[in-house]
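Both ligands and their constituent atoms are indexed starting at 1 by order of listing. In this chain, residues are counted from 1 in sequence order.
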Amino acid sequence: MSKPLAPEDLARIADRLERAERQGAAIPKVTDDYPGLGLSEAYAVQSELRRRRVAAGERVVGWKAGLTSKAKMVQMGVNVPGIGFLTSAMACPENSAVSTQRLIHPRVECEVAFMMRDTLRGRDCTREEVLAATAFVFPALEIIDSRFAGFKFDLHSVMADNASSARFVGGGRARRVHDLDLRSLGVVMEKNGRIVATASAAAVMGHPADAVALLVAVLADMDEELPGGSIVLSGGITEAIPVAAGDSMVARFQELGSVSVHFE
Ligand code: OOG
Ligand code: MG
């Protein structure tokens, strides 16, 4: 067993991640230098990054669950889901142009997004409670950008790195959950007009609301709740698609319409 990390170590890890993000330059994964980093310490680093962003004027607008589909777990070689926070600075308008200049090696995921009406808390949150607390769902693209070289990491490193969060885009049509079957919802992802992935939302833990319930449970472990008014990304339905300047991505969802983004 490696010994637990000191608070100075956690601050130093946060410094490194912050710098990598700001400079758009990859660093080795955290556990290369700190093999003793535990999962709760990884989330402590993530909370420190969140605290710094809020201190710098960003607003926390929601949360994301990640590694919630088999496709994502297989692609990343990590088979335990986790969570990250989303801030006002990460939000991009539908169909906007995102600069790749400050990104390291961006990838795009298609996700079902939830707009929460009511606050949820606790370790035993259920799918039904999530659905009852949801104002509406809408389609989203998440742009992830691991700060780690080669987009390679383990669970603890990636959760310290705020689950690779970089940007996100909401679009399409807002729909009430009770008018939909969120499991059988099909999605087609296109890159530059060519289909690159297809799946149904059931790929996310059998039902994307279960990913929101999982997120609430992880938040409870950190003594946090999911506030009403939060956006929640429930996790990539297919594998993530690498993009570069010049690329366009669109996800077409059954029932929810489409959402798109360009890179320049
Ligand atoms: C971690 C983040 C995964 C998702 O939707 O599964 C994620 C990563 O793959 O870099 O956002
Ligand atoms: Mg995601």
Between ligand 1 and Glu111, is the shortest N or O to N or O distance under 3.5 Å?
yes
Residue-ligand contact Ala163/ligand 1, heavy atom below 4.0 Å:
yes
Val158 N/O under 3.5 Å from ligand 1 N/O
no
Atom indices of ligand 1, in the order listed, that fall short of 4.0 Å to a heavy atom of Phe151:
10 (O)
Close-contact set for ligand 1 against Ile144 heavy atoms, below 4.0 Å:
8 (C), 9 (O), 10 (O), 11 (O)
To check your reading of the site, what angle at the Mg ion (ligand 2) do OE1 of Glu109 and OE1 of Glu142 form, to 10°?
100°
Check ligand 1 against Met76 and write out every atom of the ligand that is under 4.0 Å from a heavy-atom position of the residue.
9 (O)
Given Phe148, which of Asp154, Asp32, Leu17, Ile104 fulfils the side-chain contact (heavy atoms from CB on, under 4.5 Å) condition?
Leu17
Under 3.5 Å, is there a donor-acceptor pair between the side chain of Lys64 and the main chain of Ala163?
yes
Determine whether the side chain, the backbone, both or neither of Lys64 has a heavy atom under 4.0 Å from any heavy atom of ligand 1.
side chain
More than 12 non-hydrogen atoms from neighbouring residues, nucleotides or ligands closer than 6.0 Å to CZ on Arg52, yes or no?
yes
List the steps and the verdict of side-chain contact (heavy atoms from CB on, under 4.5 Å) for Leu185 and Arg175.
CA-CA 12 Å; Leu185 214 63; Arg175 296 288 306 268; over 6 Å; no
With only distance considered, is Ser146 within less than 3.5 Å of ligand 1 through an N or O on each side?
no
When you measure from atom 9 (O) of ligand 1 to every protein heavy atom, which one gives the shortest distance, and what is it?
Lys72 NZ, 2.7 Å
Starting from atom 6 (O) of ligand 1, find the nearest protein heavy-atom neighbour and note its residue, name and distance.
Leu67 N, 2.7 Å
Does Glu41 reach the main-chain N or O of Leu5 with its side chain, forming a donor-acceptor pair under 3.5 Å?
yes
For Gly235, the ligand 1 atoms with a heavy-atom partner under 4.0 Å come out as 5 (O)
Show which atoms of ligand 1 fall inside a sub-4.0 Å distance from at least one heavy-atom site of Glu109.
3 (C), 4 (C), 5 (O), 6 (O), 7 (C), 11 (O)
Which residue supplies the protein heavy atom nearest to atom 1 (C) of ligand 1, what is that atom called, and how far is it?
Ser164 OG, 3.6 Å
Is atom CZ of Arg59 surrounded by more than 12 heavy atoms (other residues, nucleotides or ligands) closer than 6.0 Å?
no
Evaluate the ring planes of Phe85 and Trp63, with Trp represented by its six-membered ring, and classify them as parallel (under 30°), tilted (30 to 60°) or perpendicular (over 60°).
perpendicular
If I consider every N, O or S atom in Glu111, which one ends up closest to the Mg ion (ligand 2)? I only need its name.
OE2
Is any side-chain heavy atom of Glu21 closer than 4.5 Å to one of Arg102?
yes
Modelled atom types, side-chain donor and acceptor of Ser200 and Ser184, under 3.5 Å
no
Please work out, at 4.0 Å between heavy atoms, whether the side chain, the backbone, both, or neither of Glu142 comes within that distance of ligand 1.
side chain
Treating Glu255 as the side-chain partner and Asp179 as the backbone partner, does any N or O pair qualify as donor plus acceptor under 3.5 Å?
no
Heavy atoms from other residues, nucleotides or ligands near CZ of Arg50 exceed 12 (cutoff 6.0 Å)
yes
Using a 3.5 Å cut-off on N or O atoms only, is Gly236 in polar contact with ligand 1?
yes
